[in-house]
Structure formats: structure tokens, C-alpha cells
There are 2 protein chains.
Amino acid sequence: MAETKLRAGDPDLAETALDAQIGYNLRRASALALNDFTVEMASAALRPVTYGMLALIDERPGISAAELCRLLGMKSANMAPLLAELEERGLVERDDHAQDRRVRVLALTKAARKAMPAWRRQVRGHEDRFLHKLTAKERSTLLRLLRLIWTDEED
Amino acid sequence: MAETKLRAGDPDLAETALDAQIGYNLRRASALALNDFTVEMASAALRPVTYGMLALIDERPGISAAELCRLLGMKSANMAPLLAELEERGLVERDDHAQDRRVRVLALTKAARKAMPAWRRQVRGHEDRFLHKLTAKERSTLLRLLRLIWTDEED
DNA sequence: TATTGTTATACTCTATAACTATA
DNA sequence: TATAGTTATAGAGTATAACAATA
């Protein structure tokens with residue numbers, strides 16, 4: 001695989017080589033996880049974003065769309081059509097908030113609550129597959145380091 | 001930040017909670033890195049993909065577009081217009097291959113070679129910024145684990 | 001037949017702007 | 001004024017299909 005003209009011997013390159021960048025490796029690993037997720041969850045027609053929405057609504061029934069956006073790091077403008085799609089598919093219910101009439105309160109439908117455990121198991125299987133080279137301890141370490149990167153102090 | 005109706009006590013949820021998924025945390029960390037990269041390299045008008053192309057052509061002068069695609073995990077259909085853009089901007093040269101007339105051989109222009117060290121330093125600064133909560137040892141560990149995920153055995 | 005490189009096209013995710021309704 | 005939610009729109013990245021030229 002080595003190229004004849006490879007500049008690997010260049011001392012300046014050791015620390016700035018593309019392969020040595022965490023950002024690049026994050027992107028490649030994330031892309032692989034995305035592809036594997038999409039294949040695994042194709043039967044349920046769920047992508048990482050829509051699954052994340054369902055999982056969080058499941059974990060926090062009664063959450064508002066705005067709070068869901070904040071927790072998932074999404075813009076409400078992008079959330080709206082996805083929520084409409086999930087509602088149309090009979091997976092999410094949107095009801096009026098008791099006090100604040102601006103808010104739409106989110107919950108899984110009965111059908112979605114019934115399907116969710118199997119979907120969670122499927123996602124767990126997908127994680128086991130794309131992380132098969134990592135030990136349990138390494139997975140735990142990776143989780144901690146990834147959270148350190150993107151999670152704010154106050155979270 | 002806790003919701004009153006939080007289902008965190010649910011035993012089934014401990015292992016399948018969205019927050020506990022490495023794929024989800026990979027996506028969030030990668031998105032943060034992408035945003036920071038874009039801000040940092042806005043002055044050079046380079047995005048992660050185009051920077052990756054330049055960095056790899058710099059490290060392997062004379063590489064073909066097909067080999068660049070394989071190394072970066074890109075489709076040649078998506079590479080073509082990006083190479084055309086980089087050529088138009090005077091950063092990449094495409095020359096005919098000596099033996100194989102199908103191949104276009106890639107190299108950085110003199111201007112790009114001159115600019116590359118500063119761009120590499122900028123990217124290094126960006127990495128230091130978004131990884132500021134991680135020690136040097138943790139960064140090394142993270143790099144190793146990310147490579148384990150996406151790198152094939154034969155690489 | 002397979003590979004290199006290109007064009008066309010569609011889909012997902014993300015970003016901004018503008019808007020209504022309500023606090 | 002600020003927030004919740006929606007619509008419209010544009011951009012980047014990625015996917016497949018089809019093609020010409022060459023091996």
C-alpha cells in the first residue's frame with residue numbers, strides 16, 4: 001500500500017498527517033457507523049436522526065419539540081418536517097400543552113412504544129457489530145472521551 | 001436538567017439509552033469537530049473533505065484520483081467536481097500518467113505546497129481547541145480506538 | 001471485461017430567513 | 001421582546017446510474 005514518493009519520512013508531517021488527525025478519524029468512524037445503522041434499521045425505515053428523536057421521546061415522554069431540539073443539537077426548522085413524518089407514520093403524537101399554548105407536547109404512540117424495545121435491541125446489535133474490535137473496557141473509554149468532546153460543562 | 005417523567009430508572013434503558021450509544025456520541029462529536037473545522041478554515045475556504053484531499057495529495061504526490069478515492073472512502077463521482085474546483089482555484093494539478101492513459105496524476109501546485117504548512121498548523125490549532133478537555137494520553141487512546149473502528153484489517 | 005474518470009440526478013442533513021402565534 | 005413552531009430555500013456530502021476512453 002505504500003507509495004514510492006510517500007512523504008512519511010518528513011518530520012513536520014508526523015504530527016499533522018491526515019491519518020493522525022482525530023477530526024478525520026472521527027469523521028471516518030462516524031460515517032461507518034452511519035452506514036451500518038442505516039442497513040440495520042432499513043426494515044424499520046429509521047435513520048440515526050429519526051431514531052434519536054424516537055428514543056429521546058421514549059425516554060422523556062411529554063417533552064416539547066424545542067427541548068428535543070436542544071438535547072439533540074438540531075434546529076427546530078429541521079425538526080418540524082421529521083416530526084410531521086413520524087406523526088404521519090403513527091409513531092409520534094403531538095398534543096397541546098396544558099399551560100403554554102405555543103408548545104406541542106410529544107409522546108410515542110402505543111404502536112411505537114410497543115415497537116421500541118425491539119428497535120433498541122436492533123441498535124444494540126448494530127453497535128456490537130461496528131464495535132466488534134473494541135473490548136468492553138475500550139468501548140467504555142471511547143464513550144467517555146466522545147462525551148468529553150461534545151458535552152457542555154453544565155450537562 | 002432532569003425531566004420529571006424521565007424513564008432513567010427503567011432497567012432496560014440503562015444499556016440502550018441514546019446517551020449510552022457510541023454511534024450517537026460519535027455523530028455529536030463529529031458534528032462539533034466539523035463546525036469548528038469549518039470556522040477555523042473559512043479563511044482558506046477549505047472544508048474537511050477538500051482539506052483531506054489536499055493533505056493526502058501533499059503526502060502522496062503523483063497519486064491517482066482513484067487511489068485518492070479509495071484512501072478517503074469517497075466515490076469518484078463525488079471526487080470529480082471537487083478536484084475540478086481545486087484545480088480551478090490553482091491548488092491542484094492534473095497531469096497525464098506516463099503509462100496508463102486513463103489515469104490523471106495529481107499533485108499540489110507550487111502555491112498550494114507553499115500554503116500547506118500554514119494550513120496544517122491551522123488544523124492542528126483547531127484540533128487542540130475542540131479536544132481541549134482531553135489529555136495527550138487520552139487523545140492518543142481516542143485515535144487508536146477510532147482507527148480500530150473504521151480501518152480494515154489489511155490497512 | 002474491468003478500471004478510470006466524468007456527468008447527471010436524487011436524497012439526507014444542516015443552515016438561514018421569514019413568518020404566525022403566544023408568552 | 002423572547003420563545004415555540006412552521007415553511008421555504010440553499011448548501012454540503014453522499015448514493016446510484018449511465019457513459020466514454022482505455023487497459
Side-chain angles (χ1 to χ4, degrees), chain A residues 23-24 26-28 30-39 41-42 45-53 57 62-88 92-106 150, chain B residues 23-24 26-28 30-39 41-42 45-53 57 62-88 92-106 150:
Chain A
Y24 172 68
L26 264 176
R27 194 156 56 87
R28 295 300 300 268
S30 191
L32 185 111
L34 167 68
N35 285 337
D36 194 84
F37 187 103
T38 304
V39 169
M41 302 304 287
L46 291 175
R47 314 253 304 155
V49 174
T50 43
Y51 173 80
M53 290 166 61
I57 296 171
I63 194 174
S64 69
E67 181 68 3
L68 193 61
C69 284
R70 275 189 289 271
L71 289 172
L72 293 176
M74 295 175 63
K75 308 282 182 185
S76 57
N78 299 322
M79 174 82 71
L82 295 177
L83 276 177
E85 177 204 326
L86 292 175
E87 187 178 40
E88 196 173 351
V92 166
E93 286 173 344
R94 290 192 277 191
D95 296 308
D96 292 338
H97 190 277
Q99 285 82 36
D100 191 335
R101 286 176 49 196
R102 294 172 303 177
V103 176
R104 311 203 61 180
V105 154
L106 305 176
W150 73 267
Chain B
Y24 171 68
L26 264 176
R27 193 156 57 86
R28 295 300 300 267
S30 192
L32 185 110
L34 167 68
N35 285 338
D36 193 86
F37 187 103
T38 304
V39 169
M41 301 304 287
L46 291 176
R47 313 253 305 156
V49 174
T50 43
Y51 172 79
M53 291 166 61
I57 296 171
I63 194 174
S64 69
E67 181 68 2
L68 193 60
C69 284
R70 276 189 290 271
L71 289 172
L72 292 175
M74 294 174 64
K75 308 283 182 184
S76 57
N78 299 322
M79 173 83 71
L82 295 176
L83 277 177
E85 177 203 326
L86 292 175
E87 187 178 41
E88 196 174 352
V92 167
E93 286 172 345
R94 290 192 277 191
D95 295 308
D96 292 339
H97 190 276
Q99 284 83 36
D100 192 334
R101 287 174 49 195
R102 294 172 304 178
V103 175
R104 311 204 60 181
V105 154
L106 304 176
W150 74 267

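Quick caveat: nothing in here was measured; it's all calculated off a predicted structure.
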Short side-chain N/O contact to dA15(D) OP1/OP2 from N35(A), under 4.0 Å: yes

Closest nucleotide among dA8(C), dG13(D), dA23(D) to the A77(B) side chain: dA8(C)

R94(B) vs dT6(C): side-chain N/O to OP1/OP2 distance below 4.0 Å: yes

Residue R27(A), side-chain heavy atoms: nucleotide from dG5(D), dA21(C), dT14(D) that is nearest: dT14(D)

Touch class at under 4.0 angstrom, heavy-atom based, for N78(B) against every strand present: base

Listed nucleotide nearest any side-chain atom of S76(B), set dG5(D), dG5(C), dA21(C): dG5(C)

R102(B) CZ - dT22(D) P separation (whole Å): 10 Å

5'-most by nearest nucleotide on DNA chain D - R104(A) or A31(A): R104(A)

Between dA23(D) (C1') and D100(B) (CG): distance, integer Å: 6 Å

Most 5' of Q99(A) and L34(A) on DNA chain C, judged by nearest nucleotide: L34(A)

Side chain to side chain contact (heavy atoms under 4.5 Å, CB included) between L82(A) and N78(A), intermediate numbers included: CA-CA 7 Å; L82(A) 295 177; N78(A) 299 322; 5.6 Å; no

For atom CD of E85(A) and atom C1' of dC13(C), their distance in whole Å: 13 Å

Test side chain to side chain contact (heavy atoms under 4.5 Å, CB included) applied to E85(A) and E87(A), step by step: CA-CA 5 Å; E85(A) 177 204 326; E87(A) 187 178 40; over 6 Å; no

Spacing between E67(B) atom CD and dT3(C) atom P, to the nearest angstrom: 14 Å

Validation row: Y51(B), F37(B) side chains within 4.5 angstrom (heavy atoms): yes

Nearest to side-chain heavy atoms of A80(B), which nucleotide of dT7(C), dA4(D), dT4(C): dT7(C)

Five-pair end axes of the helix from dT1(C)-dA23(D) to dA23(C)-dT1(D), angle between them (10°): 0°

Any M79(B) side-chain heavy atom under 4.5 Å of L68(B) side chain: yes

Under 4.0 angstrom between R70(A) side-chain N/O and dT3(D) OP1 or OP2: no

Whole-Å distance separating the CE atom of M79(A) from the C1' atom of dT3(D): 15 Å

Whole-Å distance separating the CG atom of L83(A) from the P atom of dC13(C): 13 Å

Phosphate contact (dA23(C) OP1 or OP2) by R101(A) side-chain N/O below 4.0 Å: no

Student check: side-chain heavy atoms of S64(A) and V105(A) closer than 4.5 Å: no

Backbone N/O of L46(A) and side chain of T50(A): donor-acceptor pair under 3.5 Å: no

M53(A) side chain near L106(A) side chain, heavy-atom distance below 4.5 Å: no

Between C1' of dG11(D) and CZ of R47(B), the distance in whole Å: 8 Å

Value in whole Å for how far the C1' atom of dA12(D) lies from NZ of K75(B): 18 Å

CG/D95(B): more than 12 non-hydrogen atoms of other groups inside 6.0 Å: yes

